[in-house]
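These notes are about the structure you will find just below.
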Amino acid sequence: VLDDGMLASLTPARVDAVLAPKADALVHLHELTRDEDLAAFVVFSSTAGVFGAPGQANYAAANAFCDAFAAERRAAGLPATSLAWGPWSRTTGMTSGLTEADLQRMARAGLPALPPDRGLALFDAALERPEATLLPMLVDQRALGSGGPVPPLLSGLLPTTARRTAAAGPAPAAPGSSESLPRTLAALTRDEAHHIVLDVVCAQVAAVLGHASAAEVGDQQSFRDLGFDSLTAVELRNRLTAVTGTLLPATLVFDYPTPLALADHLCAELVPEHPAGTDAAREDEAALRETLAAIPLARLRAAGLLDDLLALARPEPSTTDRGPEPRDTPDSDAIESMEVDDLVRLAFGATDG
């Protein structure tokens, strides 16, 4: 029994409804058979109880109980095997809500669904094992982690190079990562930054929905029309939080109902407004510095501008009685040996650089 929803929406009744066929039924079965000479005592749980599952807190708790109870029975000398199944490909019963996009997304993440024949073979193999809890599931090591974070228990299955990278520490920021995106946007005009942010949003939407490319996402389509629900909304939020380095609310796609509206919001968060003319002033200053740096020192001296530049480097006269603190200014011999860049920094008061 499933009753999926965000944690804050779960009521005691919604938790009880999901626990009943798992926890309650298991305890009853244990009590009714503990004195019987059983050949096997098999419990079906789920990887949700081992790895966690967005929107399935009640279901994860019920399955974690099953795994722990089986371990307790086995420790008491009673037969018990809890099978924490991965998803099955047959879309009936509990998996009837899975769409083709859901199945493709799981496969891209390295956790493809089990065909029935493989599931039955894993069931037979599990009954021959001594462990109380097993995880019958498929793992595609080549794709593992490509669709999101890898559960810690599966990290040992990553390719060797990926494990070494993780052990060595954080890798350099990849394009679009939380380290690089804000820095990239800071160097752009607001229009350029907005274009980049919109591309990022559409790319993440496409990844969540299982589309081949961001081109399949209309930037003015509503997220509801695109096929989002509360769980995929959280997945998108998590992806954008990782990319932007900004903590975003779970209600993001409901507060900003289209990719374009969401990009507008993120751009406002990531690219603060500058006072009018700031960008132009910054460009003018950069051009002036470049021009000054290109002027040979001899020409500045011949034009009689060297003294004026040095005067500009001195502090403004103080209005206090004591007068300004004297500032060390290089003598003429030192000036003769200075590079043009150093002279320009001196003229602009950046003598400590």
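Using a 4.5 Å heavy-atom threshold, the side chains of V253 and R224 count as separate. Counting heavy atoms from C-beta on, the side chains of V200 and V197 never come closer than 4.5 Å. Taking the side chain as every heavy atom from C-beta outward, H30 and V27 never approach each other to under 4.5 Å. No side-chain heavy atom of T133 sits under 4.5 Å from any side-chain heavy atom of F69. Between L198 and L260 the shortest side-chain heavy-atom distance falls below 4.5 Å. S9 is listed as a side-chain neighbour of R14, based on a closest heavy-atom distance under 4.5 Å. You'll find the side chain of L240 reaches within 4.5 Å of the side chain of L262, heavy atoms only. Proximity of L138 to P115: side-chain heavy atoms (C-beta onward) are separated by under 4.5 Å at one or more points.
Of the possible polar contacts, one joining the N58 side chain to the D3 backbone as a donor-acceptor pair under 3.5 Å is found. One N or O on the side chain of S155 and one on the backbone of P152 form a donor-acceptor pair closer than 3.5 Å. Looking at T81, its side chain never comes within 3.5 Å of a backbone N or O of A132 through a donor-acceptor pair. Of the possible polar contacts, one joining the R73 side chain to the P79 backbone as a donor-acceptor pair under 3.5 Å is found. A donor-acceptor pair is defined here as one N or O able to donate and one able to accept, closer than 3.5 Å; no such pair exists between the side chain of R239 and the backbone of V208. Looking only at distances, a side-chain donor or acceptor of Q141 sits under 3.5 Å from a matching main-chain atom of L157. Judged purely by atom type and a 3.5 angstrom limit, T232 has no side-chain atom pairing as donor or acceptor with the backbone of F228. Panel note: side chain E269, backbone L266; no donor-acceptor pair is recorded below 3.5 Å. At least one donor-acceptor pair under 3.5 Å links the side chain of T258 to the backbone N or O of A261. Side chain of D4 to backbone of Q56: no donor-acceptor contact under 3.5 angstrom is found.
Note that CG of L270 and NE2 of H194 are 11.5 Å apart. Values are rounded to the nearest 0.5 Å. Separating the CZ atom in F51 from the CG atom in L111 is a distance of 7.0 Å, to the nearest 0.5 Å. Atom CD1 of I196 and atom SG of C267 lie 10.0 Å apart (nearest 0.5 Å). Here the CG atom belonging to L122 is positioned 11.0 Å from the CG atom belonging to L127, to the nearest 0.5 angstrom.
E192 and T189 form a side-chain donor-acceptor contact under 3.5 Å, judged by distance and modelled atom types alone.
Closest approach of V1 to V18, counting heavy atoms only: O-CG1, 3.6 Å. Nearest heavy-atom pair across L7 and A57 is CD1-CB, 3.7 Å. Of all heavy-atom pairs spanning G218 and P259, the tightest one is O-CG, 3.7 Å. Nearest heavy atom pair, residue D67 against residue S82, reads OD1-OG, 2.6 Å. Between P249 and D255, the shortest heavy-atom distance links the atoms CG-OD2, 4.4 Å. Between W88 and P116, the closest heavy-atom pair is CZ3-CA, 3.6 Å.
V42 and F65 fall into different hydrophobic clusters, where Ile, Leu, Val, Met, Phe, Trp and Tyr residues are linked whenever their side-chain heavy atoms come under 4.5 Å apart, directly or through other members. Connection of L153 to V139 is established within a shared hydrophobic cluster, with ILVMFWY side chains joined at heavy-atom distances below 4.5 Å, either directly or through further cluster members. Using a 4.5 Å cut-off between side-chain heavy atoms of Ile, Leu, Val, Met, Phe, Trp and Tyr, with links allowed through other members, V43 and L83 fall into different hydrophobic clusters. With hydrophobic clusters built from ILVMFWY side chains whose heavy atoms lie under 4.5 angstrom apart, L248 shares a cluster with V205. By the criterion of side-chain heavy atoms lying less than 4.5 angstrom apart, applied directly or through intervening Ile, Leu, Val, Met, Phe, Trp or Tyr residues, L19 is not grouped with L26; the two fall into different hydrophobic clusters.
In this pair, H265 and Y256 present their aromatic rings parallel. The plane angle is below 30°, not in the 30 to 60° band. Taking the six-membered ring for Trp and thresholds of 30 and 60 degrees, W85 and F44 have ring planes more than 60 degrees apart, a perpendicular arrangement.
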Dump the intermediate steps for side-chain hydrogen bond (donor to acceptor under 3.5 Å, both in side chains) on S222 and D225, then the final yes or no. CA-CA 5 Å; S222 73; D225 290 342; 3.1 Å; yes
Could you go through the side-chain contact (heavy atoms from CB on, under 4.5 Å) check for R237 and V234 one step at a time? CA-CA 5 Å; R237 186 279 304 268; V234 170; 3.9 Å; yes
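Annotation for E72: atom CD does not count as buried by contact number, only 12 or fewer foreign heavy atoms lying within 6.0 Å. Counting non-hydrogen atoms of neighbouring residues, nucleotides and ligands closer than 6.0 angstrom, the CD atom of Q220 reaches no more than 12 such neighbours.
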